Every structure is written in C-alpha cells, then in structure tokens.
Q: 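Below: one structure in structure tokens.
On a predicted model such as this, the values are computed, not experimentally measured, just so you know. For the single chain, residues carry numbers from 1 onward in sequence order.
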Amino acid sequence: MAIVAVSVLMAAAAPAQFAGGRGRFSVRPNIPYDGRFTFVRVSYQTAPGGYWYGGWPSWAHGYPLAERNLMRIMNEVSLLGPHTDDINTLALDDPELCKYPVAYIIEVGWWTLTDREAAAFRAYVQKGGFVIVDDFKLTGDRGGGGWETFAANMQRVLPGARFFDMAASHPIYHSFFEINDLRIVPQAYNAGRPIFRGLYEDNDPKKRLQMIVNYNTDISQFWEWSGRGFRPIDETNEAYKLGVNYIIYGLTH
C-alpha cells in the first residue's frame, strides 16, 4: 500500500510557534486519558547545548507537527482512530505515562535523567510500555553526547541492557506494511546510513522488543516536512511506513 504524503498538507496550517520553525516555543495542555490512542512525547530536562534549535529544548524538535501528521496517516490507513490534533507531553516520572502503551523520545544525546525518572522509566518498560527513540545524532554532532550519553542513561534505567542491530526480518517491519530493506530512510541532514537497534526483554531477541532506536537518522523530520516538499515523497512514505509499523507493533506486543 502506498502512502501519499501530500495528503497531510492540511497539517501545515498549524500555528507558527508549532510549525517546526525557529519561532516561539510553547506546549499545549494535555488531554485527559479517554481510551483512544494518543501520541505521547516524552519531555526531559535538556542538557547544556541542547537548545541550539532556536532556543527549543531538544525533546521538542518537530512538536507537534510531526506526530500530528503521523496520526493523520494512521487515521487514513487504519481503524485505530487516534487523536489527530491533541499530542500529550509527559515526563518519565509522571504517573500518567503508564496509561499510554507507546512513548516517543527524541534527541537523546541531550537527555538528562534523574534517579526518580530512571526508576519510573524502568517500570514503564517492564510493565509492557513500548518506546520509540528517534532523531538521534552521532556523538559530537552539534555538541550532543550521541550514543554514549544514551547508553549511559539506559544502564541506569535497565542495568545490563544490551542493544541489538535490527534485521528487516523482525516482525516490527511487517506489523502493517512490508518493509524489507532498512536502508530506505536516509539521514535527513547527516552523512552515513541509518542504524536501527532494539532493546529486548531480558536481552533476549526471542522475547518482546521493548524499544526501537532510530540512530543516525530522523524519521520524524520526514513526517514534519511532508506538507512542505522539502524531502522526496518516496523517502517520506518510507518514514511514514516505519512510524505506522512502530505504533501497530507497540499496541499488539
């Protein structure tokens, strides 16, 4: 099934401060849990240097346009019936997080973590929460900590945690769309190939995938820009396919 990225042009009409530019940043109020799927973006205290994008905290890049566009696609291709305009932002130690089966966190090279947040995140993952990690740059890019910062934080969350390179044969790439090649989504602004890694329950690839990591790529930037023509439609469609598959997998495993 093909996705026509231009179908989300209407989402580009979001207010200027939320349009992914370098304008004023603000967060809209969360909506109460009502049983419908709500996209949840994780907020965190951004490390020094992480406000390089017009003063926006690193966790908020693309908010809320990227996820709104993805939810519109989900509404078009599935019967999920998600909230399309309302995006919730929650800290890792917010008890509300455990009401939502899928959480999304980005720019983890600037992610800082308290002990309380680490414990809450551990509980979320162990209780069945599925985590999407995206927009994740190489070490040193714009001063970020890269994989080392992320890995160190994850050792506090799940001591002994190991990440495995993903293969296109994994069920997550076949949960809705058939994705048979992981070279399909290039990095939007850096060199090198995209790297997909996963965290499994008990470090066992035969058990549940708890976290998918898009490293050295930024699939949400393709969602964000899909109504502007900044990126080719075929690449944008592949980014949407990944997003749809991630959501479906997280809801069914």
Q: Do Met166 and Ile172 pass the side-chain contact (heavy atoms from CB on, under 4.5 Å) test, and can you show the C-alpha distance, the side-chain angles, and the key distance before you say yes or no?
A: CA-CA 10 Å; Met166 299 297 293; Ile172 196 170; 4.1 Å; yes
Q: Does any part of the side chain of Glu107, heavy atoms only, come nearer than 4.5 Å to the side chain of Thr46, both counted from C-beta?
A: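 A side-chain contact is absent here, since even the closest heavy-atom pair is not under 4.5 Å.
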Q: Quick check: does any side chain N or O of Asn30 sit under 3.5 Å from a backbone N or O of Thr89, one acting as donor and the other as acceptor?
A: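 A pair under 3.5 Å: yes.
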Q: Taking Asn245's backbone N and O only, do any of them form a donor-acceptor pair with Ser175's side chain (distance below 3.5 Å, no angle check)?
A: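 Yes, Ser175 side chain to Asn245 backbone: donor-acceptor pair under 3.5 Å.
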Q: Can you check side-chain hydrogen bond (donor to acceptor under 3.5 Å, both in side chains) on Asn153 and Tyr44, steps first, answer last?
A: CA-CA 12 Å; Asn153 279 333; Tyr44 57 82; over 6 Å; no
Q: Using every non-hydrogen atom in the two residues, find where Ala60 and Phe25 come nearest and quote the distance to one decimal.
A: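 So the minimum-distance heavy-atom pair works out to CB-CE1, 3.3 Å.
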Q: Return the CZ to CD1 distance between Arg28 and Ile87, rounded to the nearest 0.5 Å.
A: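 Rounded to the nearest 0.5 Å, the CZ-CD1 separation comes to 10.0 Å.
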Q: If the test is ring-ring contact (aromatic ring centres under 6.0 Å, His included), which one of Tyr104, Trp52, Tyr51 qualifies with His61?
A: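 The ring-ring contact (aromatic ring centres under 6.0 Å, His included) with His61 is passed solely by Trp52 among Tyr104, Trp52, Tyr51.
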Q: For residues Tyr240 and Phe222, establish whether the separation of their ring centroids is below 6.0 Å.
A: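 Ring centres of Phe222 and Tyr240 not closer than 6.0 Å.
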Q: In Å, rounded to the nearest 0.5 Å, how long is the span from OG1 of Thr84 to CD1 of Ile73?
A: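 Result: 12.0 Å between the selected atoms.
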Q: For Ser220 and Asp134, test the side chains for any donor-to-acceptor distance below 3.5 angstrom and give the result as yes or no.
A: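 Result is yes, a qualifying pair exists.
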Q: Let me confirm one number: the SG-CG distance from Cys98 to Leu90, rounded to the nearest 0.5 Å.
A: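 Between atom SG of Cys98 and atom CG of Leu90 there are 10.0 Å.
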Q: Can you tell whether the side chains of Arg36 and Asp34 come within less than 4.0 Å, N to carboxylate O?
A: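 Salt bridge flag = no for Asp34 with Arg36.
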Q: For Phe163, run the ring-ring contact (aromatic ring centres under 6.0 Å, His included) check against Tyr200, Phe196, Trp147, Tyr215 and tell me which one passes.
A: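 With Phe163 as partner, Tyr200, Phe196, Trp147, Tyr215 yield a single ring-ring contact (aromatic ring centres under 6.0 Å, His included), made by Trp147.
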Q: Please assess Lys241 against Glu238 for the test side-chain contact (heavy atoms from CB on, under 4.5 Å), listing each intermediate value before the final yes or no.
A: CA-CA 5 Å; Lys241 289 177 185 178; Glu238 298 303 328; 3.4 Å; yes
Q: side-chain contact (heavy atoms from CB on, under 4.5 Å), that's the test. Do Phe176 and Ile247 meet it? Break it down for me.
A: CA-CA 9 Å; Phe176 192 91; Ile247 298 295; over 6 Å; no
Q: Show your working on side-chain contact (heavy atoms from CB on, under 4.5 Å) between Val42 and Leu92 and close with a plain yes or no.
A: CA-CA 7 Å; Val42 172; Leu92 290 170; 3.7 Å; yes
Q: Whether Asp85 and Arg72 form a salt bridge (side-chain N of Lys/Arg under 4.0 Å from carboxylate O of Asp/Glu) is what I want to check.
A: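 Result for this pair is yes, salt bridge flagged.
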Q: Would you check if Thr149 and Trp110 make a side-chain contact, meaning some heavy-atom pair closer than 4.5 Å?
A: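 Not in contact.
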Q: Determine whether Phe37 and Met71 make a side-chain contact, defined as any pair of heavy atoms from C-beta on separated by less than 4.5 Å.
A: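 Counting from C-beta outward, Phe37 and Met71 do come under 4.5 Å.
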Q: Please assess Tyr249 against His170 for the test ring-ring contact (aromatic ring centres under 6.0 Å, His included), listing each intermediate value before the final yes or no.
A: CA-CA 11 Å; Tyr249 182 89; His170 190 277; 5.7 Å; yes
Q: State whether Arg156 and Asp115 are salt-bridged, where the test is any N-O pair (Lys NZ or Arg NE/NH1/NH2 against Asp/Glu carboxylate O) under 4.0 Å.
A: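 Yes, this pair counts.
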Q: Does the Glu235 side chain pair with the main chain of Pro232, one donor and one acceptor, at a distance under 3.5 Å?
A: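 Flag not set: sc Glu235 to bb Pro232 has no pair under 3.5 Å.
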